[in-house]
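Down below is the structure, laid out as structure tokens.
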Amino acid sequence: MEYLLALVLLVSMCYAKVEVEEESFFPEYIHPCNFTDDDFEKCVKEQIEESLPYFAKGIPEYSVPSIDPVDLNDIVIDGNGLKLKFSDTKMHGLAGLKLTDLKIQLGGDNESFTLSLKGNLSLTAQYNADGRILILPIKGEGDAFINCYNIEVNISSNLTHVKGKDDKEHLKLLAPKYKYDIESTTFDLKNLFNGNKKLAETTLQFANENWSQLMDDLAPPVVKQIVKTIVKTINKFLSKVTIPRIIIGYKERL
Ligand SMILES: *[C@@H]1O[C@H](CO)[C@@H](O)[C@H](O)[C@H]1NC(C)=O
Ligand SMILES: *[C@@H]1O[C@H](CO)[C@@H](O)[C@H](O)[C@H]1NC(C)=O
Ligand SMILES: *[C@@H]1O[C@H](CO)[C@@H](O)[C@H](O)[C@H]1NC(C)=O
Ligand SMILES: *[C@@H]1O[C@H](CO)[C@@H](O)[C@H](O)[C@H]1NC(C)=O
Ligand SMILES: *[C@@H]1O[C@H](CO)[C@@H](O)[C@H](O)[C@H]1NC(C)=O
Ligand SMILES: *[C@@H]1O[C@H](CO)[C@@H](O)[C@H](O)[C@H]1NC(C)=O
């Protein structure tokens, strides 16, 4: 009996804790926008601009992990006579990207979300290269530093309504599509040709002057992971906040 009482107490305490968490306010940089206001879209844009650096650094209360830097999967290029692998790859700079455009369509049958981000990103990795880039031989392994200047990523995604673990209604980005553009890229691969400076210089200069051909192979897997990371982060957050909490005056559907 005593045991049962203790259990009941414990369970009700847990409930109380959940209630408190549910009632707790957002951090001061998150203000819900009013859907019925004319400047709803502008409000969301300002809200994202303001909270982007916090999201990039991670928000433990909402299970949002830090994404600056973010670990990328290994990138392997194998074709056209070149074997190139990047491992232990980290991307730096997501926190510094600027929101250049945002469109949000809510309320109709076709709810969607489009955002454009622009800025500089850099990659650090261990590389292993063997073969030729275009016409020059390349061989070596060591530290790699890649800087991408003015990379622009446009993500457009369907917005759906899902029932969360809390049995309440949440928004979720689904089936994102994206386009990207990069203004320029520089490569620095340490220890090429076992440290033979002359050979290394020629190959690196060639790679840097012909960066766009190299990026044709390198950028798609990187940008894919950028988009995946951003969408996953937004969805993590959305899964923790119910629709009425994040958007004022918007009707739930489920
Ligand atoms: C939302 O905006 C509408 C129209 O501007 C207004 O009537 C309503 O009071 C606002 N709601 C809140 C919670 O601010
Ligand atoms: C995204 O929305 C469009 C337009 O409503 C629709 O045709 C498409 O099937 C949707 N995609 C998914 C995966 O729901
Ligand atoms: C749905 O919205 C997307 C993004 O705004 C648009 O590209 C698409 O054409 C729309 N589809 C329909 C069926 O309205
Ligand atoms: C990107 O890098 C360039 C060159 O270093 C610099 O001039 C520019 O200010 C950087 N842009 C941003 C948004 O930090
Ligand atoms: C991204 O969207 C912006 C604003 O709509 C547009 O100006 C730009 O051309 C787009 N870039 C790409 C790579 O699609
Ligand atoms: C870049 O590639 C072109 C064509 O493959 C080549 O003619 C040019 O010399 C390369 N640039 C450098 C700096 O090697």
Side-chain angles (χ1 to χ4, degrees), residues 39-57 66-70 90-124 144-164 169-189 204-205 207-209 211-232 234-236 238-239 243 247 250-254:
D39 61 355
F40 171 70
E41 197 169 72
K42 189 166 157 256
C43 171
V44 175
K45 185 165 190 244
E46 285 167 1
Q47 176 60 70
I48 293 179
E49 274 167 351
E50 193 182 338
S51 55
L52 199 62
Y54 296 93
F55 271 85
K57 293 286 172 223
S66 164
I67 54 170
D68 195 3
V70 64
K90 284 190 195 314
M91 182 170 54
H92 309 259
L94 278 179
L97 293 186
K98 292 275 173 291
L99 183 70
T100 51
D101 196 27
L102 175 114
K103 288 195 187 71
I104 180 161
Q105 261 191 315
L106 272 183
D109 294 337
N110 181 20
E111 299 191 310
S112 66
F113 182 75
T114 308
L115 95 163
S116 307
L117 295 165
K118 193 167 184 174
N120 300 334
L121 291 175
S122 64
L123 298 179
T124 55
F145 302 92
I146 301 171
N147 288 313
C148 300
Y149 296 103
N150 277 328
I151 179 166
E152 178 175 53
V153 183
N154 291 357
I155 305 175
S156 77
S157 174
N158 290 13
L159 268 175
T160 57
H161 295 228
V162 295
K163 195 155 247 174
E169 190 169 335
H170 296 261
L171 287 171
K172 184 174 185 183
L173 304 188
L174 189 74
K177 295 200 197 85
Y178 59 90
K179 286 194 175 137
Y180 71 89
D181 189 41
I182 301 171
E183 192 179 278
S184 68
T185 304
T186 60
F187 301 93
D188 189 7
L189 305 177
L204 273 182
Q205 193 191 345
N208 279 306
E209 286 191 20
W211 66 270
S212 79
Q213 279 113 307
L214 268 180
M215 286 307 274
D216 283 346
D217 290 326
L218 198 52
V222 171
V223 175
K224 192 172 170 180
Q225 289 189 59
I226 294 175
V227 173
K228 208 172 137 187
T229 302
I230 292 171
V231 169
K232 208 166 116 187
I234 295 174
N235 279 338
K236 266 242 161 79
L238 289 175
S239 78
I243 294 177
I247 307 173
Y250 171 68
K251 280 203 186 67
E252 293 174 271
R253 301 221 161 153
L254 294 180

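A quick note: this is a predicted structure, and the numbers were derived from the prediction, not measured. Just so you know, ligand 1 is whichever comes first in the structure, and atom 1 is the first atom listed for that ligand. Values below: all heavy atoms of this structure, side chains included; hydrogens, waters and symmetry mates excluded.
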Exercise. Judging by distance only, is a nitrogen or oxygen of Asp181 under 3.5 angstrom from one on ligand 5?
Worked result: no

Exercise. How many angstroms lie between atom CG of Leu173 and atom CZ of Phe113, to the nearest 0.5 angstrom?
Worked result: 6.0 Å

Problem set entry | Ala175: numbered ligand 2 atoms lying under 4.0 Å from its heavy atoms | 13 (C)

Problem set entry | Neighbouring residues of ligand 4, heavy-atom cut-off under 4.0 Å | Asn120, Tyr149

Exercise. If every non-hydrogen atom of Ala219 is compared with every non-hydrogen atom of Tyr180, which pair is closest and at what distance?
Worked result: CB-OH, 3.7 Å

Exercise. About how many Å separate CE of Met91 and CD1 of Ile67, when rounded to the nearest 0.5 Å?
Worked result: 7.5 Å

Enumerate, atom names and distances included, each donor-acceptor pair closer than 3.5 Å involving a side-chain atom of residues 40-49, sequence neighbours excluded.
| unit_1 | atom_1 | unit_2 | atom_2 | d |
| --- | --- | --- | --- | --- |
| Glu41 | OE2 | Ile104 | N | 2.9 |
| Gln47 | OE1 | His31 | N | 2.6 |
| Gln47 | NE2 | Tyr29 | O | 2.8 |

Exercise. OG1 of Thr185 to OH of Tyr149: how many Å apart, nearest 0.5 Å?
Worked result: 9.0 Å

For this session: Evaluate side chain to side chain contact (heavy atoms under 4.5 Å, CB included) for Thr114 paired with Leu102, printing each intermediate quantity in order.
Result: CA-CA 6 Å; Thr114 308; Leu102 175 114; over 6 Å; no

For this session: Could you tell me whether some N/O pair between Asn154 and ligand 5 is separated by less than 3.5 angstrom?
Result: yes

For this session: Using a strict 4.0 Å cut-off to heavy atoms of Asp101, name the atoms of ligand 5 that fall inside it.
Result: 4 (C), 5 (O)

Problem set entry | Asn147: partners by side chain to side chain donor-acceptor pair (under 3.5 Å), with sequence neighbours left out | none

Seminar exercise, completed: Closest heavy-atom pair, Tyr250 versus Ile247, reported as atoms and distance to 0.1 Å, is CB-CG2, 3.6 Å

Exercise. Quick one: which ligand 2 atoms are inside 4.0 Å of a heavy atom on Asn158?
Worked result: 1 (C), 2 (O), 3 (C), 8 (C), 10 (C), 11 (N), 12 (C), 14 (O)

Exercise. Should you measure from each heavy atom of Lys179, which atoms of ligand 5 turn up under 4.0 Å away?
Worked result: 14 (O)

Taking distance alone, no hydrogens or angles, what donor-acceptor pairs closer than 3.5 Å link side-chain atoms of residues 115-124 to residues at least two apart or in another chain?
| unit_1 | atom_1 | unit_2 | atom_2 | d |
| --- | --- | --- | --- | --- |
| Ser116 | OG | Asn154 | OD1 | 3.0 |
| Asn120 | OD1 | Asn150 | N | 2.9 |
| Thr124 | OG1 | His92 | NE2 | 3.1 |

